[in-house]
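Below, chains carry the letters A, B, ... as their sequence lines are ordered, and counting in each starts from 1.
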Number of protein chains: 4
Amino acid sequence: MKHRSKPIPSFIKNQRLVEQRRRQIVQGAVDLFVRKGFHKTTTREIARACGLSIGTMYEYIQTKEDVLYLVCDYIHSELERRLTEAIREEDSGRESLKKAISQLFRVMGEMSDYVLLIYQETKSLPKETMKYVLQKEEEITGHFERILEKGIRDGTLSLSPSSVKLMAHNIMVMGQMWTFRRWVLARHYSLEEYTRLQTALLLRDLSLDEGGG
Amino acid sequence: MKHRSKPIPSFIKNQRLVEQRRRQIVQGAVDLFVRKGFHKTTTREIARACGLSIGTMYEYIQTKEDVLYLVCDYIHSELERRLTEAIREEDSGRESLKKAISQLFRVMGEMSDYVLLIYQETKSLPKETMKYVLQKEEEITGHFERILEKGIRDGTLSLSPSSVKLMAHNIMVMGQMWTFRRWVLARHYSLEEYTRLQTALLLRDLSLDEGGG
Amino acid sequence: MKHRSKPIPSFIKNQRLVEQRRRQIVQGAVDLFVRKGFHKTTTREIARACGLSIGTMYEYIQTKEDVLYLVCDYIHSELERRLTEAIREEDSGRESLKKAISQLFRVMGEMSDYVLLIYQETKSLPKETMKYVLQKEEEITGHFERILEKGIRDGTLSLSPSSVKLMAHNIMVMGQMWTFRRWVLARHYSLEEYTRLQTALLLRDLSLDEGGG
Amino acid sequence: MKHRSKPIPSFIKNQRLVEQRRRQIVQGAVDLFVRKGFHKTTTREIARACGLSIGTMYEYIQTKEDVLYLVCDYIHSELERRLTEAIREEDSGRESLKKAISQLFRVMGEMSDYVLLIYQETKSLPKETMKYVLQKEEEITGHFERILEKGIRDGTLSLSPSSVKLMAHNIMVMGQMWTFRRWVLARHYSLEEYTRLQTALLLRDLSLDEGGG
DNA sequence: AATGAATGAGCATTCATTCAT
DNA sequence: TATGAATGAATGCTCATTCAT
């Protein structure tokens with residue numbers, strides 16, 4: 001199930017330009033959304049932030065919600081890109097998992113504002129558009145599912161097949177947890193400590209001698 | 001550190017009446033917020049839903065954001081009430097934890113719309129008000145910390161003291177996870193299955209023979 | 001088939017006030033529409049012209065098109081009111097017709113700007129709303145149908161029944177013609193001349209000795 | 001007084017090309033205007049409909065209102081062309097009139113959408129431009145004046161000279177009436193019936209034995 | 001001659017809040 | 001205490017027109 005982005009119509013014919021301008025729009029909007037939230041950000045602010053006139057901006061989008069979608073899609077793509085770059089084909093399942101979890105925590109630490117944004121504003125998207133965003137989220141979780149399955153196959157991880165999906169989600173949630181609860185966790189743990197403790201917990205759940213589910 | 005609710009000024013002297021009317025307001029607003037989100041709900045709609053005129057409603061609040069705060073506070077109180085009613089003084093730490101986790105998943109399943117609301121709209125509160133909400137959240141997590149500490153003291157749970165807070169948050173997050181990811185989890189697991197699998201995972205992490213942290 | 005006006009929702013509860021304010025709105029809007037046309041008149045101009053703030057005006061209407069409907073409905077009502085006040089029960093059909101035609105031309109002469117407005121802007125109304133306006137138009141024509149039928153019954157007018165409707169429309173159109181073609185007719189005929197000539201023509205068509213249809 | 005079309009400046013030198021492109025523009029615009037009205041049709045839509053880029057289109061017109069003028073002028077020309085092709089020099093006045101009326105009703109029936117367009121949108125033209133359109137309208141009516149005069153001269157029609165203009169306008173209005181009131185007339189009469197009844201009425205008014213005006 | 005990206009003034013509409021009654 | 005009419009700044013979005021290429 002390969003993810004397809006929702007096509008946003010544009011009045012502009014030059015496709016290259018459309019992509020460039022939309023990157024501009026996303027870059028201008030993302031920090032505004034993070035700082036003020038989607039609803040409190042005005043289209044005029046977005047236009048100013050991305051260096052386009054309001055009229056020009058609207059040549060490349062149809063509604064303000066399109067900007068939110070573009071932002072969410074960008075964040076997800078960035079997330080996925082950075083996650084997958086840590087995965088090597090030749091590694092064992094367990095090794096892959098270790099690296100992926102480590103990268104997950106690092107990336108979530110660095111992109112926590114953005115991840116928070118997705119969780120808080122996805123519901124502001126039109127129903128149809130929201131599905132695209134949720135599907136992308138599921139797809140990212142899918143990478144962990146595949147690592148876990150590889151570990152089961154090559155015997156380096158222990159997990160019942162029916163728990164694979166759940167465990168993949170658990171891993172993702174532990175990553176996101178830092179973004180949701182940083183305001184309190186950071187008072188007690190550094191990101192490194194947090195990463196170490198949570199990784200230990202997760203790997204122990206998947207150890208051979210103990211079994212899972 | 002006992003939680004104190006943020007005092008919302010009112011023009012009305014009769015404190016009993018203030019409380020009654022605010023309960024009315026919360027009951028009218030909460031489902032609107034769940035359904036449409038805070039920003040897309042108008043004060044007129046809230047007034048209609050709670051059976052007050054717009055003028056009267058504003059006698060009991062100062063701003064629309066006050067309603068959001070009252071709603072968040074109500075949800076948190078309800079959450080805490082239902083969580084604590086499952087905890088018995090005479091139980092062992094391990095026994096308490098089992099019951100509390102079981103109750104947590106049950107309550108999160110039932111209140112998932114409300115919990116989602118808090119996570120999506122807290123950021124719409126004024127900075128100062130937001131602190132009250134986050135503090136209440138932390139306080140609820142505190143109940144699990146205290147159960148874990150009891151289990152360590154009475155020897156029924158195994159956990160390093162420095163991991164207590166983290167583990168309490170992990171438990172809370174596993175509860176909330178159902179609200180955030182229900183859209184996909186529910187396609188693969190029933191709430192009962194989900195509860196059973198996650199509880200097993202959590203309790204195994206805290207088992208005597210395996211040690212924690 | 002009694003005409004019912006389209007109900008326009010309002011946020012204001014006091015029905016008396018709604019009617020008063022809507023009269024204000026109509027009075028403010030009608031001359032703007034006549035002078036500039038519906039599309040070139042802004043809601044702010046209407047609000048200013050009727051002495052309401054833009055916000056207040058929108059408490060009494062839902063859309064700008066509602067104002068157009070209110071204006072059309074007002075014009076039609078005024079037209080009908082002035083037409084019917086010339087009709088006496090005790091008159092013969094022929095006598096009624098003479099008076100009605102005379103009054104029709106007088107009223108059309110006086111209200112020609114307004115009548116023109118209806119003809120030029122009705123198509124700017126939403127489909128559903130347009131039906132109400134057209135129905136009212138038909139209803140006004142109906143008065144002439146009934147006069148013609150009376151004349152047939154009392155033997156003072158000669159006309160085949162199947163031509164009654166057509167002749168009623170012919171009469172109406174001759175009245176409106178002055179509003180559509182005043183710019184050229186007025187260069188050659190005074191309204192009095194015009195009325196005299198057209199009335200003679202119409203009455204001759206309905207004379208006993210000649211028969212109709 | 002021969003009608004001259006209003007000259008619309010163009011940046012393009014090649015006059016042949018200007019005329020061809022303007023025909024294209026009119027063909028693209030006319031149905032859009034009929035369907036959506038002048039104000040609700042955008043220049044972009046017109047450009048798309050006539051197969052020109054927006055920039056190219058503006059090489060051949062100066063403003064959107066120029067398109068409306070071109071459309072009105074085209075409709076009038078078409079109207080006149082089809083009307084005059086039914087008139088034969090060798091016919092008597094009465095014979096000419098019969099044929100012209102018959103053709104008038106036929107053409108009005110076929111072009112009713114277009115005729116309606118002129119009546120509803122002429123007022124959207126700049127004052128100066130509007131005069132050209134009204135003059136053309138008057139010129140078309142002039143054809144009937146000339147036929148009536150011929151009938152007076154050759155003794156086949158009876159009409160006082162002072163009523164010639166009025167009667168010519170009456171004829172035109174009876175033709176247009178079908179376009180204005182088709183929505184109700186068509187429910188009671190077919191176009192054929194309508195034509196027969198109205199023609200009978202008009203010819204009776206002009207009969208020798210009865211006199212006119 | 002043709003193109004189409006850029007512009008920004010302008011528009012209809014909303015809605016939290018106030019305050020006279 | 002309760003009411004609800006009044007307010008107007010603010011917002012998302014449009015579109016005729018221009019002009020550099």
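Place C:Gln62 and D:Glu59 on DNA chain E by their nearest nucleotides, and D:Glu59 ends up nearer the 5' end. Closest-nucleotide positions on DNA chain F for B:Gly55 and C:Met57 were compared, and the one nearer the 5' end corresponds to B:Gly55.
For DNA chain E, the neighbouring residues in residues 35-53 of chain D, judged by any heavy atom under 4.0 Å, are D:Ser53. Of the residues in residues 10-20 of chain A, those lying under 4.0 Å from DNA chain E by heavy-atom distance are A:Phe11, A:Ile12, A:Lys13, A:Asn14, A:Leu17.
Two residues are said to be in side-chain contact when any heavy atoms from C-beta on lie closer than 4.5 Å; D:Glu137 and D:Tyr119 meet this criterion. C:Lys40 is listed as a side-chain neighbour of D:His39, based on a closest heavy-atom distance under 4.5 Å.
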Query raised in the report: So what does the secondary structure string of DNA chain E come out as, 5' to 3', with Watson-Crick or wobble pairs under 3.5 angstrom, [ ] for crossing and | for pairs with another strand?
Result: .||||||||||||||||||||
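Within the structure, ring-ring contact (aromatic ring centres under 6.0 Å, His included) pairs that include any residue of residues 40-60 of chain B do not occur (at least two apart or interchain).
Under the side chain to side chain donor-acceptor pair (under 3.5 Å) criterion, A:Thr56 pairs with A:Ser53, not counting sequence neighbours. Under the rule for a side chain to side chain donor-acceptor pair (under 3.5 Å), A:Arg22 has no partner lying at least two apart in sequence or in another chain. Every residue meeting the side chain to side chain contact (heavy atoms under 4.5 Å, CB included) condition with A:Glu78, not counting sequence neighbours, appears here in chain and number order: A:Tyr74, A:Arg81, A:Arg82, A:Met111. The salt bridge (charged side-chain N to carboxylate O under 4.0 Å, His left out) test applied to B:Glu19 returns no partner, not counting sequence neighbours. With sequence neighbours left out, the ring-ring contact (aromatic ring centres under 6.0 Å, His included) criterion links C:Tyr114 to no other residue. Judged as a side chain to side chain donor-acceptor pair (under 3.5 Å), and not counting sequence neighbours, the contacts of B:Asp113 are B:Arg182.
Between the CD atom of D:Glu65 and the P atom of F:dA16 there is a distance of 11 Å, rounded to whole Å. The interatomic distance linking B:Ile25 (CD1) with F:dA2 (P) rounds to 11 Å, in whole Å.
At a cut-off of 3.5 Å, with distance as the only test, no side-chain donor of C:Gln20 or C:Arg23 sits close to an acceptor on the other residue.
A:Lys64 has no carboxylate O lying under 4.0 Å from a charged side-chain N of A:Glu121, or vice versa, which leaves the two without a salt bridge.
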Identify every side-chain donor-acceptor pair in residues 45-52 of chain C under 3.5 Å, counting partners at least two apart or on other chains, and give the distances.
| from | atom 1 | to | atom 2 | distance (Å) |
| --- | --- | --- | --- | --- |
| C:Glu45 | OE1 | C:Lys36 | NZ | 3.2 |
| C:Glu45 | OE1 | C:Thr42 | N | 2.8 |
| C:Glu45 | OE1 | C:Thr42 | OG1 | 3.4 |
| C:Glu45 | OE2 | C:Lys36 | NZ | 2.5 |

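Between C:Tyr132 and C:Tyr69, the ring planes are perpendicular. Angles over 60° get that label, and only those under 30° would be called parallel.
Mapping heavy-atom proximity under 4.0 Å, the span of DNA chain E touched by chain C runs 5' to 3' from E:dC11 to E:dT14.
Contact annotation: A:Tyr58 side-chain N/O to F:dC13 OP1/OP2 distance is under 4.0 Å.
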